[in-house]
> 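Quick one: structure below, then a few questions.
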Amino acid sequence: MRKIGTFFYHIGQGFIGISRNIVMSSASVLVLVSCMLIVGTFYLVIDNFSVNLKSTDNINMIKITIPDELTDDQVTRVFSDVLELKEKLDNVEKVEFFTKMQNLQIYREKNPKLSDYLVIFNEDDNPLPASIEITFTSFTDPDFEMDEVYQLKNKLEEIENIHNEDIHENIALYDKVTSVTDTLTMVALYMLVILLLVSLFVIMNTIKLGMHSRRHEIMFMRYVGATKSFIRTPFIIEGIIIGLISAAVAYGLQFYVYNYIIADILTENSTINSASIIELAPFENYRTLLIYGFLGIGFFAGVVSSSLSIKKYLKV
Amino acid sequence: MIEFTDVSMVYPNGTVALRNVNLRIENGEFVFIIGHSGAGKTTLTKLLLREERISSGKLMVNGFRLDKIRQRKIPYLRRTMGVVFQDFRLFDDKTAYENVAFAMRVIGEKPALIKKRVPFFLNVVGLGDKYDSFPDELSGGEQQRVAFARALVNNPQIIVADEPTGNVDSDMTNEIMELLIKINKLGKTVIVVTHDREVVTRYNKRVITIDDGEITCDKIGGYC
């Protein structure tokens with residue numbers, strides 16, 4: 001009972017500390033919110049790009065279109081050459097052959113809105129070529145050897161009757177976008193570290209000012225026999241409250257930024273950009289991660305900065 | 001009980017504050033500690049509160065051996081003592097009641113006990129009708145009484161008063177001294193650090209004189 005009372009007393013003192021030093025406390029919240037918001041926004045944009053990229057059709061394959069002029073024997077030869085290459089590679093999941101009609105059928109299924117127009121095509125005047133599709137395994141794994149894809153592509157070009165323009169792949173695109181998102185991730189991480197350090201510094205100074213304004217209380221508490229932890233705890237609580245308030249504010253702002261600003265820039269509903277860049281995942285998908293992430297950052301910053309401030313400035 | 005055995009205290013800058021002090025103060029005694037500025041009075045009270053550590057010798061206070069006490073035990077030593085400062089050190093933003101209650105609150109006492117003890121001790125010091133007054137609404141003497149109530153409320157064995165009559169007129173001095181004698185009669189050890197000759201002479205109590213870090217006189221009644 002006594003401990004519960006003391007716990008609530010400390011929480012009360014934490015809020016009192018913040019209210020006594022409202023300007024610096026607000027500055028601390030502002031810096032920490034900026035840190036969370038920038039990191040959160042980077043994460044959401046990067047993740048949306050990655051998700052969209054991974055769900056892009058044919059991203060994990062090389063497609064060889066078979067020129068119409070090839071005879072059945074020549075096509076069979078090409079297919080067996082590809083199968084032979086497959087045996088030498090670890091990361092190829094399957095190799096499939098699609099006839100001209102199969103490709104037409106697939107195209108019809110993927111484009112139901114065009115079915116009225118596509119109905120006019122039949123076996124004789126089918127404009128789509130036959131194809132061979134080489135699908136890779138573990139394509140999105142960090143360990144996946146991208147070089148193997150390029151080597152395979154080079155070897156495919158050496159197959160008789162297959163030309164450079166017959167080989168199609170989005171892997172280079174994936175590679176480029178992944179490298180951009182990797183760079184953005186690094187930038188986000190650096191910004192997280194820098195902003196977190198700035199936040200720690202500002203919160204440390206806020207707590208230091210709180211200690212200064214309560215120095216008479218602290219001295220009296222020492223004389224009366226308050227324990228070290230009793231004197232220190234309100235300042236730790238103050239730091240945690242600043243961190244948690246920052247997390248709540250950052251979450252609210254992140255919701256707004258995601259649904260109204262990022263969505264406005266990147267999606268087909270954009271009012272400032274007529275081209276649809278990506279399909280944005282609903283904010284709900286990130287809710288749990290953002291809540292725990294922001295609370296974690298806020299709690300960490302609050303505890304660490306107040307502990308450092310106590311260690312450096314509070315002599316009890 | 002307080003016992004200094006060959007206690008010396010040298011500050012890091014080399015200043016010798018106390019030299020081979022031997023002193024014993026029994027429970028329930030009333031003691032004046034006198035001496036001019038820089039004689040070592042403040043150091044002596046700091047040692048009692050374990051604000052400073054002795055350089056050599058042995059110091060026992062209320063069963064705690066201060067030359068060997070662990071850091072985490074110091075708060076519990078301090079709970080056996082109540083300190084009244086010359087400048088009162090009341091909190092201006094707290095009422096008389098809150099000032100006294102704060103001393104209990106910070107050692108984790110239950111609210112129910114605080115509600116019971118604070119009014120009792122405010123009545124003991126004669127401020128039963130001033131619970132809700134802030135320090136700036138109280139006279140100097142009344143503020144001093146709040147400080148005494150605050151020192152008493154945790155039921156310490158020793159009350160240390162640092163120049164308690166330094167800032168008040170002669171009428172208030174008498175009131176404060178009567179209050180200290182009343183506290184002493186409650187069974188508390190009272191240590192008054194002062195250089196008010198008139199007060200020391202008027203009350204027939206034990207007087208310990210410190211000069212240049214040494215106890216030069218220890219007798220009952222008046223100056224040496």
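Quick note on labels: first sequence line is chain A, next is B, and so on, each numbered from 1. The figures that follow rest on heavy atoms only: side chains count, while hydrogens, waters and symmetry mates do not.
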> Would you call the rings of A/F283 and A/Y258 parallel, tilted or perpendicular, taking 30° and 60° as the class edges?
tilted
> Is chain B contacted by the side chain of A/E217, its backbone, both, or neither, given a heavy-atom distance below 4.5 Å?
both
> Looking at A/S305, is its backbone amide N or carbonyl O close enough to the side chain of A/S309 to form a donor-acceptor pair, meaning the two atoms are under 3.5 Å apart?
no
> Working note: B/D196 + B/T194, criterion side chain to side chain donor-acceptor pair (under 3.5 Å); need CA distance, chi angles, decisive distance, verdict.
CA-CA 6 Å; B/D196 188 337; B/T194 185; 5.1 Å; no
> Do the ring planes of A/Y251 and A/F294 sit parallel (below 30°), tilted (30 to 60°) or perpendicular (above 60°)?
perpendicular
> So does B/R145 pair up with B/E175, basic N to acidic O under 4.0 Å?
yes
> Please flag which part of A/Y223 lies under 4.5 Å from any non-hydrogen atom of chain B: side chain, backbone, both or neither.
both
> Please state whether the side chain, the backbone, both or neither of B/D93 comes within less than 4.5 Å of a heavy atom of chain A.
side chain
> Please confirm whether the ring centroid of A/H212 lies under 6.0 Å from the ring centroid of A/Y313.
no
> Which of residues 50-75 of chain B have a heavy atom under 4.5 Å from any heavy atom of chain A?
B/E51, B/Q71, B/P75
> For B/Y11, does the OH atom sit with more than 12 other heavy atoms under 6.0 Å from it, leaving out its own atoms?
yes
